[in-house]
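See below for the structure under consideration.
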Amino acid sequence: MHKTVNDIIAKKGSKKISVVTSYDYTMATLCDQVDILLVGDSAGMVMLGYENTAPVTMDEMVLFTKAVSNARENALIVADLPNKSYENEVDAISNSERLIRAGADAVKLEGRLPNIIGAIVKAGIPVMGHLGLLPQTAKKYTVQGKTEADAEILLSDAKALQEAGVFTVVLEMVTSETTKKITETVSVPTIGIGCGPDCDGQVLVIHDMLGLFEKLKPKFVKRYLSLSEEIKKAISQYIQ
Ligand code: KIV
């Protein structure tokens with residue numbers, strides 16, 4: 001039996017909710033011991049070679065979600081609604097349903113969109129929120145919540161998402177002070193990426209943590225392996 005949304009909510013306060021991104025069958029089988037496999041739209045960059053996540057389509061997300069779902073035995077699967085797939089409630093619900101049919105247990109979307117989130121939740125689909133740096137629309141990748149005013153806005157956004165019914169919130173590149181405040185205030189788990197230790201869980205892009213993606217190296221990422229070096233060495237030995 002795989003993890004459920006309630007299993008994740010029950011880990012609020014533990015600082016131990018583990019999330020990695022996953023896009024394909026083989027890697028998903030290797031990572032399935034985590035709490036959540038996130039079929040992130042970062043797939044657009046690390047799997048499809050796009051400059052950013054903006055061009056990712058629903059068809060692409062459905063394919064990645066199917067592949068991960070074929071591998072999963074343990075983790076909860078959350079799939080990203082890609083850019084422009086949730087501009088109104090009708091699209092948001094029908095696209096969320098497509099991801100659920102492809103094997104996701106829940107969907108994630110970016111920003112303070114309580115009406116859209118509420119509509120998806122009302123349709124019976126759990127939603128993970130995403131605040132702070134929002135890669136689908138960001139012009140620059142900078143740390144969020146630095147001033148008192150920005151921190152207040154983020155805190156109010158997190159409360160609005162909780163009210164709308166999210167079961168978790170991803171915080172991306174938010175200062176550690178603001179992250180701590182949000183984590184202590186909201187009753188749903190916070191999952192941080194580049195936010196420091198004071199979240200209920202952490203998420204990393206699997207290609208970053210394994211040292212597999214050489215084009216972009218976010219400063220906050222702890223690398224557990226240098227897999228790209230290992231692969232290049234192996235290929236070179238094979239050629240010899
Ligand atoms: O698409 C993704 O990988 C994400 C994470 C960075 C949270 O949204």
Side-chain angles (χ1 to χ4, degrees), residues 8 17-24 27-28 31 34-58 60-65 67-68 75-86 95-96 99 102 104-113 117 126-138 140-145 154 157-158 161 166-174 179 182-183 188-196 199-213 215-223:
I8 306 303
I17 302 173
S18 52
V19 188
V20 292
T21 61
S22 199
Y23 323 102
D24 71 286
M27 196 67 97
C31 299
V34 294
D35 292 309
I36 300 177
L37 289 170
L38 172 65
V39 187
D41 59 358
S42 48
M45 298 168 78
V46 298
M47 300 296 285
L48 299 172
Y50 300 156
E51 278 304 308
N52 53 49
T53 59
V56 176
T57 65
M58 268 305 296
E60 289 161 350
M61 290 309 296
V62 164
L63 192 66
F64 293 126
T65 304
V68 171
L76 185 84
I77 298 177
V78 180
D80 261 340
L81 280 164
N83 193 25
K84 300 197 186 301
S85 69
Y86 50 98
N95 285 322
S96 298
L99 293 173
D105 304 302
V107 299
K108 176 165 82 59
L109 59 82
E110 296 182 7
R112 179 176 179 151
L113 297 171
I117 291 169
V127 178
M128 173 184 267
H130 185 149
L131 294 173
L133 182 84
L134 306 178
Q136 288 175 3
T137 47
K140 273 205 300 193
Y141 283 23
T142 49
V143 176
Q144 310 286 305
L154 274 173
D157 291 349
L161 261 54
V166 298
F167 75 98
T168 42
V169 189
V170 164
L171 300 174
E172 181 161 356
M173 286 181 72
V174 174
T179 296
I182 293 171
T183 302
V188 293
T190 57
I191 314 283
I193 175 162
C195 295
C199 320
D200 300 302
Q202 299 286 333
V203 52
L204 283 178
V205 172
I206 193 70
H207 288 57
D208 292 338
M209 71 168 288
L210 298 181
L212 199 49
F213 188 63
K215 206 163 148 190
L216 208 78
K217 294 181 182 168
K219 276 196 217 123
F220 57 79
V221 172
K222 177 170 172 187
R223 293 206 152 186

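We use all heavy atoms of the structure for the numbers below, so side chains are in, but hydrogens, waters and symmetry mates are not. For ligands, and for the atoms within them, numbers begin at 1 and follow the listed sequence. None of these values were measured; they are calculated from a predicted model.
Rounded to the nearest 0.5 angstrom, Met47 CE and Thr21 OG1 are separated by 9.5 Å.
Applying the salt bridge (Lys or Arg N to Asp or Glu O under 4.0 Å) test to Lys217 and every residue at least two apart in sequence or in another chain returns nothing.
Just one of Val166, Leu38, Val39 meets the side-chain contact (heavy atoms from CB on, under 4.5 Å) condition when paired with Lys108; it is Leu38.
For NZ of Lys222, the number of neighbouring non-hydrogen atoms (other residues, nucleotides, ligands) closer than 6.0 Å is 12 at most.
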Pairs under 3.5 Å, nitrogen or oxygen of ligand 1 with protein nitrogen or oxygen:
{"residue": "ligand 1", "atom": "1 (O)", "partner": "Asp41", "partner atom": "N", "Å": "3.1"}
{"residue": "ligand 1", "atom": "1 (O)", "partner": "Asp41", "partner atom": "OD1", "Å": "3.0"}
{"residue": "ligand 1", "atom": "1 (O)", "partner": "Ser42", "partner atom": "N", "Å": "3.0"}
{"residue": "ligand 1", "atom": "1 (O)", "partner": "Ser42", "partner atom": "OG", "Å": "3.3"}
{"residue": "ligand 1", "atom": "1 (O)", "partner": "Asp80", "partner atom": "OD2", "Å": "3.2"}
{"residue": "ligand 1", "atom": "3 (O)", "partner": "Ser42", "partner atom": "OG", "Å": "2.5"}
{"residue": "ligand 1", "atom": "8 (O)", "partner": "Lys108", "partner atom": "NZ", "Å": "2.8"}

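Looking at Glu60 and Pro82, their side chains never come closer than 4.5 Å, going by heavy atoms from C-beta outward.
Ring planes of His207 and Tyr23: tilted class, angle from 30 to 60°.
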